[in-house]
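None of the values given here were measured: they were computed from a predicted structure. Numbered from 1 within each chain, the chains take letters A, B, ... in sequence-line order.
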There are 2 protein chains.
Amino acid sequence: MGSLADSMEDYLKKLLSLSASGCIDIKRKELAGKFMCVPSQVNYVLETRFTLEKGFSVESKRGGKGFVRIRKLDLSAENLLSMILQDIMDAQMSESSARGMIHRLYELKYISFRESRLMETTLNSLQIVQDVTLRNSLTGLLLRDMLLMLIKYNF
Amino acid sequence: MGSLADSMEDYLKKLLSLSASGCIDIKRKELAGKFMCVPSQVNYVLETRFTLEKGFSVESKRGGKGFVRIRKLDLSAENLLSMILQDIMDAQMSESSARGMIHRLYELKYISFRESRLMETTLNSLQIVQDVTLRNSLTGLLLRDMLLMLIKYNF
DNA sequence: TTATCTTTGACCTTCTCTGACCTTTACTAA
DNA sequence: TTAGTAAAGGTCAGAGAAGGTCAAAGATAA
């Protein structure tokens, strides 16, 4: 069976999916109690599973009436396009930002899972290019062209 | 008589064939214990017998509640992808034959139109690689990895 | 005998989980 | 008001639990 962290992740995601607003408030200590672990374990789960990268935002308040609020972000199309535009404008497209972009495109359902894997596979294969400069330009070029293609054939 | 590696291979393949999902999770240390060998021997078996080329995918997670997951991929003979795979397994590939292959895959409905465009875009971008040998190896590698990916994430 | 395949073991990296200690906030008694 | 206190939540380093790597030694096959 999965780790405690995994179950806690599942539990929170289930709560989130059941909530109409895509937002839940929890008590750190209560949650820890329910899972019979130390409160800081909750932070561990939040830091590893509910990151911005993964499409969540977490805010909290300390002290009496404190809480931890978890939100499922739904990135708007405008946000995404502006981000991508920026990435493309920046001449240098690092491999990691390329991967981030691919992931976001998938999350937003602009590309299918297979398409995202196809794009990532390309990045992987490029790793055998020794010349870093060549590899980086290839990465940028590839992402750009793929995006243009996707846009052309109707996003 | 067979080596330890051979028996371990047989054992794992039997487990796989008994599993309805074609997927098993094992504990590296436990398996090593069962065969009275060091844990790294398990890695040796996985690396030599359960490769992507041989139709398996292996993923794992470290740390507490870690695991090694072995999947049997569909590489059956009637699978066109696997036949194509044989052709290009270790060879270089010219751009034109790569394009032909992509087109065939599309015609046979193994890939969508967008997917075919994505793959072709990659070939286009590779054109900036001057060194023909490098370019052809990259082309072969890319096609191969893309096919393996398509097989891995199964239809 | 040489080349290839197996096996081992020392050392490494990643992931989880815990506990001690810190900071912030609401409330309340002076 | 203000100072103090209790009740949250936050941080961080370290321990423990997997799995991974690599090179060298030991077998086997050609």
Worksheet entry | Criterion salt bridge (Lys or Arg N to Asp or Glu O under 4.0 Å) on E95(B) and R135(B), from CA distance to verdict | CA-CA 9 Å; E95(B) 198 208 328; R135(B) 187 171 70 227; 5.7 Å; no
Discussion item. So if I define the base as every atom that isn't primed, P, OP1 or OP2, how would nucleotides 18-30 of chain C read as a B/S/- string at a heavy-atom cutoff under 4.0 Å?
Written reply: BB---BBBSS---
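- dA13(D) atom C1' lies 13 Å from atom CD of E47(A), rounded to whole Å.
- No hydrogens or angles considered: a donor-acceptor pair under 3.5 Å links the side chains of S125(B) and D145(A).
- The 12-atom threshold is exceeded at NZ of K13(A), counting heavy atoms of other residues, nucleotides or ligands nearer than 6.0 Å.
- With sequence neighbours left out, the salt bridge (charged side-chain N to carboxylate O under 4.0 Å, His left out) criterion links K61(B) to D6(A).
- The distance from atom CD1 of I26(A) to atom C1' of dG9(D) is 11 Å, rounded to the nearest whole Å.
- Following rounding to the nearest Å, R28(B) (CZ) and dT8(C) (C1') show an atom-to-atom distance of 12 Å.
- Toward the 5′ end of DNA chain C lies the nearest nucleotide of R49(B), the other residue of the pair A5(A) and R49(B) mapping further downstream.
- As rounded to whole Å, 11 Å separates atom C1' of dG9(D) from atom NZ of K29(A).
- Side-chain contact between L150(B) and Y110(B) is absent, with no heavy atoms from C-beta onward closer than 4.5 Å.
- Contact between the side-chain N/O atoms of R69(B) and the OP1/OP2 oxygens of dG19(D) is not found at any separation under 4.0 Å.
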Practice prompt. Report the C-alpha separation of R104(B) and E107(B) in whole Å, then their side-chain angles, then the decisive distance to 0.1 Å, and conclude whether the salt bridge (Lys or Arg N to Asp or Glu O under 4.0 Å) test is met.
Written response: CA-CA 5 Å; R104(B) 238 194 325 150; E107(B) 298 251 288; over 6 Å; no
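- Of the side-chain N and O atoms in S60(B), none sit less than 4.0 angstrom from OP1 or OP2 of dA18(D).
- Between the P atom of dT8(C) and the CE atom of M8(B) lies a distance of 9 Å, rounded to the nearest Å.
- If you measure from atom CD of E59(B) to atom P of dA18(D), you get 19 Å, rounded to the nearest angstrom.
- A cation-pi arrangement is found for K72(B) relative to F56(B), the charged atom lying closer than 6.0 Å to the ring centre and inside a 45° cone about the ring normal.
- One interatomic measurement links the two molecules: NZ of K27(A) to C1' of dG10(D), which rounds to 16 Å at whole-angstrom precision.
- To the nearest angstrom, P of dC17(C) lies 14 Å from CG of L46(A).
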